[in-house]
2 protein chains.
Amino acid sequence: MTGFNDDSAQYLISTVSKRSGVKSDLVRAWERRYQAVTPKRTAGGHRVYTDQDIARLKLLNLATSNGHSISQIAQFSLDDLKNLLNNEPVAITQPLNGITPSASDRIHLAEDYMEKCYAAVLAFDAKKLESHFENAIVELGSEAFIEHLLTPLLTRIGERWKTGELRPVHEHMTSSVIRSLTYILRNNNPCAANAPRMIVSTPIGQLHELGALLAAIMAELSGWQVTYLGANLPAEEIAAGVKFTHACALTLSLSFATDDHVVAKELRRLKKLIGNNVALIVGGRSASHYQAVLNEVGVLNIQSYGHFRQILNQLSARNMEQES
Amino acid sequence: MTGFNDDSAQYLISTVSKRSGVKSDLVRAWERRYQAVTPKRTAGGHRVYTDQDIARLKLLNLATSNGHSISQIAQFSLDDLKNLLNNEPVAITQPLNGITPSASDRIHLAEDYMEKCYAAVLAFDAKKLESHFENAIVELGSEAFIEHLLTPLLTRIGERWKTGELRPVHEHMTSSVIRSLTYILRNNNPCAANAPRMIVSTPIGQLHELGALLAAIMAELSGWQVTYLGANLPAEEIAAGVKFTHACALTLSLSFATDDHVVAKELRRLKKLIGNNVALIVGGRSASHYQAVLNEVGVLNIQSYGHFRQILNQLSARNMEQES
DNA sequence: ACAACTCTGTCAATGTTTTGTAAAGGTTTA
DNA sequence: TAAACCTTTACAAAACATTGACAGAGTTGT
């Protein structure tokens, strides 16, 4: 039925070598000796690789430089390899091979993935979207994945939703996929037990959770212990979550600007319920629409990716002081 | 301490030596003389060790430097060695035959986990809840996890929510945790490319997604290719999702009984939009409350865990026929 | 007490396997 | 036509395996 599933990505061996960090000769040797990858061929016999192959080779390279013998791990699945490296006591992040992609290369790569992911969203292909995400996380690393792929992707989805190219259901599907990815991202950097805690949600009437998800992931990567509550919760419930977890920060995402006063009312109630000792952070496409209330209530308004990280670090530091 | 995937990792002797602190020569001597470890071999004869072997050698090394004679302790089990080092009297464990837990044991085990998980929900401890879930999946297997842990847990959460012991926010937190687990569950059994497709969601006004999540997971485990859309979607959006994915089934969860006519209206509209070729399945705590409409529209009403699986299999079979 | 024996870690000698790299010579691609 | 690929074959360093031996420490038997 769907024979056209994987013809999207095709790379020749030199590209693969650059991106994975494994020399061409070695890639061929690994294929010949252990079937580490099994690329398709062009009519003329040239090897044609997929994104998955690249992710594979990257992980294999990491694993071998970590002391594993290539013959033993060559046929492991992507997940096996990820587990293997996750359980490593020594996560060597040294310049393992001469080939280190430059910053501009990585950004270009991220843009590349962005297009592919957006195409998958447009085609409503959850499986393909997830697969692209997985590969991108391996290739870009969690940080760059968030900053250069996820953030711009969500921004674009927001735009296209306005123009009518996308429907609400596209956003729901994307949320769902990203939500299941949090598992991988979280596993990549387990947080400390004494990490500061945060609640992430959206107030009542705000049904879009992509922004909130992004905030949750970013906070986790910054070392926070995040409890994500999903979208559309009344102030009392959110406040209850804050109390239960003893969170020292609460982040809300406002994506959709409404003219009624629900959001304003909810924000005021929330502030009353959580008090002044819990930082209230608000971000999202439409946060500026509520500027007046934000100022009145006294919230930290996220301006950009970097700004959010800055806020997180400041709060984190302050929290550590209080603890000691 | 998460993943326990020990059957995947394999090391050669030098790595083992570095990790365990026992020189390669000595490792071989201990094997030759006392069978302290019994590694497998490569085709060429190289020793191949597991994580367990490394742990063993570490403990043996500690014990010998503590004055114990290697010949005496070489064949101790991992637990024996741990006891030994804790200065506890060595309780020699029984011959370790591969005892497979009986069915009743497993159900008991599941109940045990149920209590632990519910306690974590009540305490609003997402981290602990996730950890219990992870362990349960490994110990029980996906099937039993769903049937004997997740299903009763969600049922109980529904009950306690009514009595006021739990707040809505508890349910949101639980949904969030379960949602990120879908990643593990899905990876445990990757579905075929030609698997029948299904959309899972809840209609507008139905904000509780636990039931829908459960249905999605069950369908995935039954070999379906599921696109999960989250909760609270209007009929047009759900129908769009069905069209986009060419799904042959649509499952909705109705947890909350409302007296307005929104649900009834949405169901009628949905049926019109998706036509008769797409199976419409409805389940959830409050499905019976809408019996009249369900009959009128002609939906498959889920009665129980087993019943849902039966429906899934029938649809799956019918779908296969049509394909061929 | 003293010789004989066992336990244990270490080494050396010698041969094999693994694995990254490279050269030679032909083919495909742009 | 040049650059990039392909296959085959080869090579050498590093890592392993096996066998056998040796010496210090502790034990045993007489």
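Convention: sequence-line order gives letters A, B, ...; per-chain numbering from 1. Hydrogens, waters and symmetry mates are skipped; everything else that's a heavy atom, side chains included, is used.
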Under-4.0 Å side-chain N/O to phosphate OP1/OP2 contact, A:Tyr34 with C:dT18: no
Distance, rounded to the nearest Å, where A:Arg32 contributes CZ and C:dT19 contributes P: 13 Å
Residues A:Glu139 and A:Lys116 bridged, charged N to O under 4.0 Å: no
For atom CD of B:Glu31 and atom P of D:dA17, their distance in whole Å: 8 Å
Nucleic acid contacts of residues 39-48 of chain B, taken as heavy-atom distances under 4.0 Å to DNA chain D: B:Arg41, B:Gly45, B:His46, B:Arg47
Euclidean distance, atom CZ of residue B:Arg33 to atom P of D:dT18 [Å, nearest integer]: 14 Å
Phosphate OP1/OP2 of D:dC16 contacted by B:Ser14 side-chain N/O (<4.0 Å): yes
Electrostatic pair A:Arg19-A:Asp51, nearest N-O below 4.0 angstrom: yes
Below 4.0 Å: OP1/OP2 of C:dT21 and any side-chain N or O of A:Lys23: yes
Polar side-chain contact A:Arg28-C:dG20 base: donor and acceptor under 3.5 Å: no
Touch class at under 4.0 angstrom, heavy-atom based, for A:Ser24 against every strand present: nothing
Distance below 4.0 Å between B:Trp30 side-chain N/O and C:dG9 OP1 or OP2: yes
Euclidean distance, atom CD1 of residue B:Ile70 to atom C1' of C:dT10 [Å, nearest integer]: 15 Å
Candidate pair A:Glu159 and A:Arg285, rule salt bridge (charged side-chain N to carboxylate O under 4.0 Å, His left out), full reasoning: CA-CA 10 Å; A:Glu159 287 164 6; A:Arg285 200 159 58 244; over 6 Å; no
For atom CG of A:Asn61 and atom P of C:dT19, their distance in whole Å: 14 Å
Interatomic distance where CG belongs to A:Leu12 and C1' belongs to C:dT27 [whole Å]: 14 Å
d(NE2, A:His68; P, D:dA15) in whole Å: 16 Å
Geometric class of the B:Phe244/A:His170 ring pair [parallel <30°, tilted 30-60°, perpendicular >60°]: tilted
Distance-only side-chain donor-acceptor flag, A:Ser316 / A:Asn313, under 3.5 Å: no
d(OH, A:Tyr11; P, D:dA4) in whole Å: 19 Å
B:Lys127 atom NZ, over 12 foreign heavy atoms within 6.0 Å: yes
From C:dT10, C:dT8, C:dT21, nucleotide with atom closest to B:Ser71 side chain: C:dT8
Interatomic spacing from CG in A:Leu181 to CZ in A:Phe133 - rounded to 0.5 Å: 6.5 Å
Residue B:Thr64, side-chain atoms from C-beta onward, closest of C:dT19, C:dT8, C:dG9: C:dG9
